[in-house]
Trainee: 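Here you go, one structure.
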Amino acid sequence: MSQQGYVATPQYSQAQPGLPGYPASFGSPPGQPLYGHYGGQPQAFSPPPTGMMKSPVSAPTGMAPPPAAAPYGSVQQNGAHPQRYAAPPSAGPASYSQPPQPPYHSMASQAPPPAQLANQMSGMNLGGYGPGPMQTPQPHPNSLVQQPYLTSPPPAMGQPQLPPGPQSPQMSPTQPPPGAIPMGGMGRPFPGPPPGPGGFQQPGAGPVGQPGYPQQGQFGGQMPGPQPGFPGAFPSGPAPMAAPPQKKLDPDSIPSTTQVIEDDQAKRGGQLYTTNVRGQVPPLVTTNFTVQDQGNASPRFMRCTTYTFPSTADLAKQCQVPLATIIKPFATLPKNEAPLFVVNHGETGPIRCNRCKAYMCPYMQFIDGGRRFQCGFCACVNEVPVFYFQHLDHMGRRVDFYEKPELSLGSYEFAATMDYCKNNKPTSPPAYIFMIDVSYANIKSGLVRLVCDELKTLLDRLPKEEGENSVVKVGFVTYNKILHFYNVKSTLAQPQMMVVSDTAEVFLPLLDGFLVNFHESRAVICNLLEQIPDMFADTNESETVFAPVIQAGVEALKAAECSGKLFIFHSSIPTAEAPGKLKNRDDKKLVGTDKEKTLFQPQRGVFEQLSKDCVASGCSVDVFLFPSQYVDVATMGDVPSHTGGSVYKYNNFRVETDAEHFLSDLRKDVEKPIGFDAVMRVRTSTGFRATDFFGAIHMNNTTDVEMAAVDCDKAVTVEFKHDDTLSEENGALMQCALLYTTVGGQRRLRIHNLSLNCSAQLSDLYKSCETDALINFFAKSAYRSMLAQPLKAVREVLVHQTAHMLAGYRKNCASPSAASQLILPDAMKVFPVYMNSLMKTAVLVGSAELSTDERAHQRLSIMSMGVEDLQLLLYPRLIPLHTMDVSSDGVPAPLRCSEERLTESGMFLLENGQVLFMWLGQACPPDLMQNIFNVPSLAHLPADPNSLPELDNPHSHKLRAMISSLLQQRPTSMKLQIVRQKDRSELPFRQYLVEDKGLHGGASYMDFLCYVHREIRQLLT
Amino acid sequence: MATYQEFIQQNEDRDGVRFSWNLWPSSRLEATRLVVPVSCLFTPLKERPDLPPVQYEPVLCSRANCKAVLNPLCQVDFRAKIWACNFCFQRNPFPPSYAGISDVNQPAELMPPFSTIEYIVQRGPPTPLIFLYVVDTCLEEEDLQALRESLQMSLSLLPADALVGLITFGRMVQVHELSCEGIAKSYVFRGTKELSSKQIQEMLGLMKPAASSQQGRPVAPHDAAASSCKFLQPVHRVDMNLTDLLGELQRDPWPVPQGKRPLRSTGIALSIAVGLLEGTFPNTGARVMLFTGGPPTQGPGMVVGDELKTPIRSWHDIQKDNARHLKKATKYYEALANRAAVNGHCMDIYACALDQMGLLEMKCCANLTGGHVVMGDSFNTSLFKQTFQRVFSKDYNGEFRMAFGGTLEVKTSRELKVSGAIGPCVSLNAKGPCVSENEMGIGGTTQWKICGLNPSSTLAMFFEVVNQHNAPIPQGGRGAVQFVTQYQHSNTQKRIRVTTIARNWADAQSQIQHIETSFDQEASAVLMARLGVFRAESEEGPDVLRWLDRQLIRLCQKFGQFNKDDSTSFKLSESLSLYPQFMFHLRRSPFLQVFNNSPDESSYYRHHFVRQDLTQSLIMIQPILYSYSFHGPPEPVLLDSSSILPDRILLMDTFFQLVIYHGETIAQWRKARYQEMAEYENFKQLLQAPLDDAQEILQTRFPMPRYVDTEHGGSQARFLLSKVNPSQTHNNAYGWGQESGAPILTDDVSLQVFMDHLKKLAVSSAA
């Protein structure tokens, strides 16, 4: 029952100061009964109201009350809605057909009506919201000026008074009459998906008990349009309880990510997702579900921006929705999902289509009594090899259909034959080489000792395929401006060090004994690791090299004829005279200019070639940086970012505070499942093809994605373009084949198949869009194009494309409505918040206050991120701790990332996969402080707490358990930062409240919506 | 004549000098007519147990371009305390320390027996000896094991304070750090990349002292170098460490594919050795000892590619200009050798391989620096082991028979100039009044550097008489030559040895007989041979032979007594009688003949020939043959096929080989084991006698000769057969079946034929 439409509250032309009035209570009464309809579906929202409502900080701004009641005139119309839908609810899903809107007809139950967000925020009111916390009541004109977006004449933007179009029932523009009761719980009335788009507009300030609330939680919580300022929320604000209901746009009325997530979790969480249907939209990445592979790859492996491709290139152009899939070939599967089967077709290798070389898969159609098969991708008819012949049953299916993974599953592996190996030689197990910078900085910080100590135990946990011991070989190099290799052959009594000072042309000084099996050479290696910190203890060498270090690793792997991974622990910008010597080029003056892009372009020269060498020899590079100043991450991360590696960065590393953070990253990195020397090819059925690839990859030609290594966290985003018309009957098929070497040294082919629908109706497309995948695509394409274009242009393109997509929907799918209404397709209703957050990422925001390295680092890490990680990064989880239920296992429901949601008496945890904050309100409850920090009050907390004490009480247990499980889930570890309200330390925290105006620039969510809306309107005219 | 022989012997014993002529022709014209130039063989460090060094500085002539050392030939005015330099006639006051000088109280250097005298002088802090081992690891395990043991053994032979270093190479070059504890450290270089000396020092981290001294701290350079150089450490400190290190020395681990030679970076290894010493101990005695088991196959200095299917160059290839790497490699090693020589470091090559290993290209490393070259089949042979041990042999004072960083300066009286020198030296380009424009050997200088010296190192010095014919020298005038050799003694002392000699001038027209009798034919043969060998390095073999023949004919024409065109009338006086025979054997020697020798072997033979003293050189030219029989005591016999008789045992010493040859009958007896029967004790003794004599030679010879025990018909008998004068061959079959010796299967001319031709040519009026 997805509803596609989403109607936001109308705009209030003026910001109404505090519509404080709607206390928590308001939604509930009407809400309850309504929920009844949904039966089991827990409504997230009823409990949260309090939490959710707190936010509207702006309310308190004390804006003048709305001048006129006029707007409210329309209220009645709102009122009408409930009735309209009243019937359907009871009718159940069946009723959906009723909606008048033809397009939706087809959607059967799945297709809820689009909701529209009729937004008429005039620029002026926005002023009130923009600044977020600062509540300065501003005269409208002023705010106008301040808001960049607001340039358009106010009349165009939501005039409050705009009379709703006759046809549109919604009164977007409406302002609820003063005194009207906002629909707190909002929307509940529609049990089923509301039919027509028209239906939905819930004016923010709907009349009481607006039913307009569609279904499931999706809509539910967030629509409480009218409640702007929750008094309770922000004590600090003025809390004019008495104020009339919404006069301004209620933050709660705009689509809420948390709500969408909760709703999806509620609807599909815990369920079995069976992949037997073509073009089926999977649950959100945030939802817990179990996948049963029945012919299509799990969404964990492949997730598309839309599951219905437009039939023609023209349609694709009209809607501007990018057609892409994000492939995470090694995604970790939960324990309850079966690992991939390995199929062995014997010496001849996997069976493939003769023409397009697609591998045997469920889309191959067996014909001619099973003697031949027709390729689903290119339609070529191939002979079935004798050994593979099998009879067909009455359905035309092979009788061994269920016995062969390659016929019945979406994902499986083939054992590769010699033909798939480099030089037709059997592959050997990969090697991990640890390369430690032993220059002064790293010795002094204690890092070298830390790494060495850790390796002694960590090496026992190298990834393995089978058997007791890992067959991965290990090698060690230390370096400053020269390199030291170590011979750790098991037969030696003592390790031997070999110094290579020829950094201009580095080479491998030894063959035998450099790469060894840890279990065999344990004694020698431990001896070595013991000695390394002492050997360099009194070094005063502060210069380092970098490119030669990678070169050395490549040479080592080449010589050993294996693939592998380098772990480089590096401290400073490499200034020693050697290839790849870097100079400081961090010029803040470039920020904001057309030359800003140069900051992110790697310095030319050796690194480019080095990347190629690395990829050619299957050498992945992970860099752990411990800088105390600028190190030119853009350049130093260049090789990792082309070899399936990662860059980790620990500024001003101190063993006391950062050791655990770093070590857990290191452990994860060493232990994680990974494949080496990989080549990926994405084949598609005729009519479209993969045209562009994003990720930590290297491309030698236009089709083969080469990755020195690919691990469980790396994703490749693939964009598709039409070649021809796609038939609705055949759909769009894709097969991702990844040839790689396992950690056990075997050559394998991992196949992921996915079939999508095709449709000539754009509405079908919009219906099956996947916001998280979309934003992943946009992020990567923007991050790539910023190397070539000024940031400003990149941002413009993003907004533009957002507007285009939404306008496309409005134009082609939505029922006619007033131009002033912002209508979002249901599947994309939270897209703007992500897009806005993306534009506010340090990378794109373009502020001179941000460190260039930090931005470059973020850029690099996002380029290879999967859907899940990027979703979290762009919309952090803000978890209230003061309300957590210590007796339950669950994590409290996250709140929207806005300052309004914080309370002075609260304690919050915010995490986005990269940072982890604990925010302490000024008035946080002493008992909580006592339980968690073992101090009587906030004032007693030490100035710079960096960890949580281990206390024996439920709160402490629960919190620590929560954090540790969080850390475990994320691909990288996070360092807990404890910040206090109104403290300087709070600033970095603030920039993660992505719905607010950005700390370093960037619009608030609300402003952005307005802006996009305006763009849409321009497009539509 | 006996007097001359005695005189010559005495001179040699005292001064280590043998002149070609002991009376000098008094004019340039006459000198050239004598064919054999005025020249000498000089052994600078001839062992003189009877010569205690004096502990003070030599007194030098005060004239700036003379600086000759006070010597017994100087005229001294004891009253005025003034001496006159016998070279430039400058009158010099004695230094204050000579105040007590008088007729009866003369310093040693004025006494005639001290025409050779050695001074111990103070020059800077004493520096320990330095031994840098450069070891090839591309050896067979067995060889490597033997080498490891030899090297470990050698540590015990070194003085405790000597500095040692170790460089190993194969595909890569490793410089081992010796000072470290715990982990064994080494610096590794790729074997293909040529590095400048500065780069090498930078990469080895040797540049720091320079930086610190820039900061104004005046560091004694040696101190700084010594403390900073972790690669060269005193033996006593790293003995254990190094022994272990050598013990753990592994074969080069890089796989050698089928059909390939191992990659050997000899060129780079040597350049690193040179660079290392250059950076740390310039102008200090040091010995780079290269142990290698095959040709350099990669990088600069590469001699042959690693493809086994391309064989290493032969003389044939060289003549056809088919040796691809020859010129480049030679040039490379020459440059290295020159760098080492400039810094006073000498380079030894110990090459043990069955095939050639590039000695031709690398020879200059040893030749220019006075290093040793030892060639053997394997490190696992007593030939190598004992030779190597002998490098560290000690003299009667218990000190090494080696000296370092020598410079030899020659001063001549004004009628004489120096044309050049041939020996293990390089020119120091010291111009001076006594430099001749007419170069012979390495000329254009009065000073030569001899980086490595031992008591037998001998240089050939060539002089030119410049006195004009019309400016006669007064009767009784004497020409003088002074050799000043400064060197670092193996006990680290700096020493100066001064040898001053004089010979009478003679008018070649009136006193030609005197001059003739003063001819030292042995010395002359060796000197001419050196000239020939020197030429052979740069000229085609046949040209050299022709030159040599022409000289011989001219000499015979000059001094022979004959009637024109009557070859039977030809006679040579006793002082020249052996000379043609020497030349005959020289023509057949491996020094000038490359037939049947590989380029490496030729280089090896020539190397030794140009540095050994007269006795050894003569043996090389004309091997010695002793005969043992029941007919009498052992006797030297003619090096002639007629000496090969069935009932004789022959012992031939060619310097490089010791061959014991059992005649046919003896061999049969031996096979029948008569020697084991008590009644044939005398036969046993006969068999034993040559062995004992051989043993005696083996004891002293450096390098150890190849020891061959063979018999009639044995394959190794070829060593003997190729040396003897083929007086009986298959061509003059009259000897067949007779008791008169063994016919040699050769087309070479015999001495008799040679002499006949010589006589014919000498008496011919056409010539």
Side-chain angles (χ1 to χ4, degrees), chain A residues 438 476-478 480-489 491-516 524-525 527-537 539-541 543 545 548 551-552 555-556 558-561 576-578, chain B residues 137 166-196 198-208 211-212 230-231 241 244-245 247-256 262-263 265 268 271-272 275-276 298-299:
Chain A
V438 290
F476 303 87
V477 171
T478 57
N480 37 47
K481 67 179 194 184
I482 55 178
L483 284 79
H484 321 108
F485 294 77
Y486 296 92
N487 184 346
V488 283
K489 205 170 160 176
T491 52
L492 292 176
Q494 278 271 351
Q496 291 174 353
M497 177 202 233
M498 302 193 156
V499 183
V500 170
S501 10
D502 184 2
T503 47
E505 221 181 313
V506 86
F507 58 92
L508 185 70
L510 76 170
L511 189 58
D512 196 19
F514 179 62
L515 294 178
V516 297
V524 190
I525 291 176
N527 184 334
L528 171 69
L529 293 171
E530 198 66 48
Q531 292 197 46
I532 286 178
D534 297 331
M535 256 190 303
F536 299 98
T539 185
N540 50 13
E541 185 56 72
E543 289 198 307
V545 294
Q551 186 74 48
E555 297 296 334
K558 263 190 210 161
E561 293 180 328
E577 204 50 62
Chain B
T137 53
L166 177 64
I167 295 177
T168 56
F169 68 94
R171 184 184 178 121
M172 311 272 168
V173 179
Q174 276 176 271
V175 184
H176 296 267
E177 193 173 301
L178 302 177
S179 57
C180 50
E181 277 155 24
I183 284 185
K185 271 193 208 174
S186 58
Y187 282 63
V188 188
F189 295 80
R190 72 161 76 220
T192 48
K193 188 176 170 190
E194 190 162 359
L195 298 168
S196 72
K198 191 167 154 259
Q199 282 173 308
I200 291 171
Q201 288 159 31
E202 244 166 40
M203 289 180 183
L204 290 174
L206 301 175
M207 300 303 268
K208 296 234 173 69
S212 68
K230 38 202 179 204
F231 306 107
N241 219 334
D244 292 349
L245 197 57
E248 283 188 6
L249 210 54
Q250 294 299 311
R251 292 182 60 194
D252 195 51
W254 299 85
V256 181
L263 289 173
S265 325
I268 291 298
S271 95
I272 289 170
L276 169 61
Q298 69 167 0

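Naming: A, B, ... by sequence-line order, numbering from 1 per chain.
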Trainee: Minimum heavy-atom separation for B/Trp254 to A/Ala559, with atom names?
Mentor: CZ3-CB, 4.4 Å

Trainee: Select one option (side chain, backbone, both, neither) describing which atoms of A/Leu511 are under 4.5 Å from chain B's heavy atoms.
Mentor: both

Trainee: Who among B/Lys193, B/Gln250, B/Gln174 has the most heavy-atom pairs with chain A under 4.5 Å?
Mentor: B/Lys193

Trainee: If you count heavy-atom pairs within less than 4.5 Å of chain B, which of A/Asp512, A/Val500, A/Asp502 leads?
Mentor: A/Asp502

Trainee: Can you tell me which portion of B/Glu248 sits under 4.5 Å from chain A's heavy atoms? Options are side chain, backbone, both or neither.
Mentor: side chain

Trainee: Supply the atom-to-atom distance A/Met497 CE to B/Ile183 CD1, rounded to the nearest 0.5 angstrom.
Mentor: 6.5 Å

Trainee: In terms of heavy-atom pairs under 4.5 Å, which option from A/Leu510, A/Leu483, A/Ile482 contacts chain B the most?
Mentor: A/Leu510

Trainee: Just so I understand: if I count every heavy-atom pair under 4.5 Å between each of A/Gln496, A/Glu505, A/Met535 and chain B, which residue has the most?
Mentor: A/Glu505

Trainee: Is there a side-chain contact between A/Phe507 and B/Met172 (heavy atoms, below 4.5 Å)?
Mentor: yes

Trainee: Where on A/Tyr486 is there a heavy atom nearer than 4.5 Å to chain B: the side chain, the backbone, both, or neither?
Mentor: side chain

Trainee: Using a cut-off of under 4.5 Å for heavy-atom pairs, which of B/Val175, B/Val173, B/Val188, B/Ile200 has the most such pairs with chain A?
Mentor: B/Val188

